[in-house]
Undergrad: 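Can you read through this structure? Questions will come right after.
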2 protein chains.
Amino acid sequence: MQPVLISAAKPSTAAAASSCQTPFLTDAAKLIDSAKTFIFDCDGVIWKGDKLINGVPETLDMLRSMGKKLVFVTNNSTKSRKQYGKKFESLGLDVTEEEIFASSFAAAAYLKSINFPSDKKVYVVGEAGIQLELKQAGISYIGGPEDGDKKIDLAPGRFMEHDQDVGAVVVGFDRNINYYKLQYATLCVRENPGCLFIATNCDAVTHLTDAQEWAGGGAMVGAIKGSTKKEPLVVGKPSTFMMDYLASEFKISKSEICMVGDRLDTDILFGQNGGCKTLLVLSGVTTLETLQSPDNSIQPDAYTNQISDLLSAKKVASA
Amino acid sequence: MQPVLISAAKPSTAAAASSCQTPFLTDAAKLIDSAKTFIFDCDGVIWKGDKLINGVPETLDMLRSMGKKLVFVTNNSTKSRKQYGKKFESLGLDVTEEEIFASSFAAAAYLKSINFPSDKKVYVVGEAGIQLELKQAGISYIGGPEDGDKKIDLAPGRFMEHDQDVGAVVVGFDRNINYYKLQYATLCVRENPGCLFIATNCDAVTHLTDAQEWAGGGAMVGAIKGSTKKEPLVVGKPSTFMMDYLASEFKISKSEICMVGDRLDTDILFGQNGGCKTLLVLSGVTTLETLQSPDNSIQPDAYTNQISDLLSAKKVASA
């Protein structure tokens, strides 16, 4: 069974498109005209590690001056939008909290969108970001870092009590994962009627440090899948919840959103699943060779080297 | 993707059999005659919680006196065969270590069966039982309880070293699961060429105490699946590795094995997957109503109330 991606994808046209090559972006002005909102993946698009990619501030400024809405997405759930904003600030980017769509925020926004009952609470397997976003959304929660040092005493007859009012378990990356949390979350999902199992993301790897890849949120989500035999509702990429949320919140059509990313199988697929325009940048992990390989079936609407190539639209406008 | 069950099942005849009802065992002597080896599930067959089921010692004695080989299976990997033997001893049952097939032993036996190289070692996510069985089999290992208190320091640039000689990660139930172990196991599976990912079992629940169900080995296995996106080789039930092992070790045909259990979707299916005869006992979780329900497609060769019903064969013989 596959995880349930909230707002399941329409049948992808990617397979059919595999024989036609993605064009290089030649008319930036036309692309910009056709989109009201730009969603940017961050790593490989805005920055690489701790280094800003050339021309990013000017590009964002230009798009803003043209009245475009900008959104920055990350599957990182360990920080709240506010906390994540500091990364932008440290790179000299002027980005507001509302423009950042972290998967911690997505979990809280999803619960708000379904009118999560005010007498119910959330059990968190994850870090502070999820709790901060739940608090911001006015949703009660337990668990999280507070349960990081708890141990299970397995004396005969030991019974773990759990809160019957937990109506959702939200699971994200958690470096303090332990058996107490796994059992608590499992009891809630299995025994509380209607209790939701929400994953911020199912990413195999995360980049906690630059030195290597680290086991990602997919590990914590996989553990709860393994003990409940249930599939989670995923709110981060590649679920299209965010596109639906943006479309509904800002009353725009999803075809007026352009997803900009550096990964074919996450960012571009995510954009296509949501019915958005898609632009691949080669400033991250994908090479032109990979894009044009016969093995690649995911073809964005266009590709370019880096987002500052969009600045050519300005030159055209001022020419 | 489904986990890789070692020795994949032959197409099951269960669906075809769904319209014909399982017969009650009327001729115990005939069943006993046809089998050289009996594999018993324990909970619900031999004991219930801490209570021996009526007539078990006499039944086992009779089968032994008839020259039958007896094997007792458990997916519990926290104990070695030797340790698990104490449970039998405490109930007054005379069972030898060699008759107990715990999934901890299955993991070690599997590695021996594939001639796991002597210059390679195993990383253990699990408890002492796995380590004791590996030691017994002469296989080097690291991890396990020794890594139970390790924490990850995530300072910038932090890099976790891992042993390049780890050729297999064995994952079982681990009440001291932590992020250190998840990351270590993930690095071995992802980065060591050919490193095996072996699961003792994928059970959602385990019975650590009588008072409730506890998140089982499926949680730990699910975590490593989530961070590696790989499927494990499963050596415990419902994998048929054990049947293959017994058939090869004792030079018997699998059709001469009778699997006796109280669960349709684990024990009986496990027996059928292995090409064995199957006997369901109603002394555990399955009721006659469940067995005979139109919703049930798993039909054992016969059913009876409890294993002591086999004693009728003795009466016939001495009549």
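So that the names make sense, note that chain A is the first sequence line, chain B the second, and so on, each numbered from 1. Reckoned from all heavy atoms, side chains included, excluding hydrogens, waters and symmetry mates.
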Undergrad: Going by distance alone, is a donor N or O of one side chain under 3.5 Å from an acceptor N or O of the other, for A:T290 and A:S293?
TA: no
Undergrad: Would you mind telling me which of B:G218, B:A215, B:A211 has the largest number of heavy-atom pairs within less than 4.5 Å of chain A?
TA: B:A215
Undergrad: Select one option (side chain, backbone, both, neither) describing which atoms of A:E213 are under 4.5 Å from chain B's heavy atoms.
TA: both
Undergrad: What orientation do B:Y179 and A:W214 show, parallel under 30°, tilted 30 to 60°, or perpendicular over 60°?
TA: parallel
Undergrad: With chain B as the partner, which of A:N176, A:L187, A:V221, A:D174 has the greatest number of non-hydrogen pairs under 4.5 Å?
TA: A:L187
Undergrad: Between A:Y184 and A:H162, what is the ring plane arrangement, given parallel below 30°, perpendicular above 60°, and tilted in between?
TA: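 The rings of A:Y184 and A:H162 stand perpendicular, inter-plane angle above 60°.
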Undergrad: For A:F173, which atoms come within 4.5 Å of any heavy atom of chain B: side chain, backbone, both, or neither?
TA: side chain
Undergrad: Working to the nearest 0.5 Å, report the span between CD of B:Q183 and CD1 of B:I224.
TA: 9.5 Å
Undergrad: Picking from B:G157, B:S227, B:A155, which has the most non-hydrogen pairs under 4.5 angstrom with chain A?
TA: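 Max contact count across the listed options: B:S227.
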Undergrad: Quick one: what part of A:A185 sits under 4.5 Å from any heavy atom of chain B, side chain, backbone, both or neither?
TA: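 For A:A185, neither part sits under 4.5 Å from chain B.
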Undergrad: Roughly how far apart are A:K151 NZ and B:R175 CZ, rounded to 0.5 Å?
TA: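 Rounded to the nearest 0.5 Å, the NZ-CZ separation comes to 11.5 Å.
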Undergrad: Is A:R263 paired with A:D41 through a side-chain N to carboxylate O contact shorter than 4.0 Å?
TA: no
Undergrad: If we define contacts as heavy-atom pairs under 4.5 Å, which of A:A223, A:G216, A:G222 has the most with chain B?
TA: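 Answer, by heavy-atom pair count under 4.5 Å with chain B: A:A223.
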Undergrad: Need one label for A:I177: side chain, backbone, both or neither, based on atoms under 4.5 Å from any heavy atom in chain B.
TA: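 Both parts, heavy atoms under 4.5 Å.
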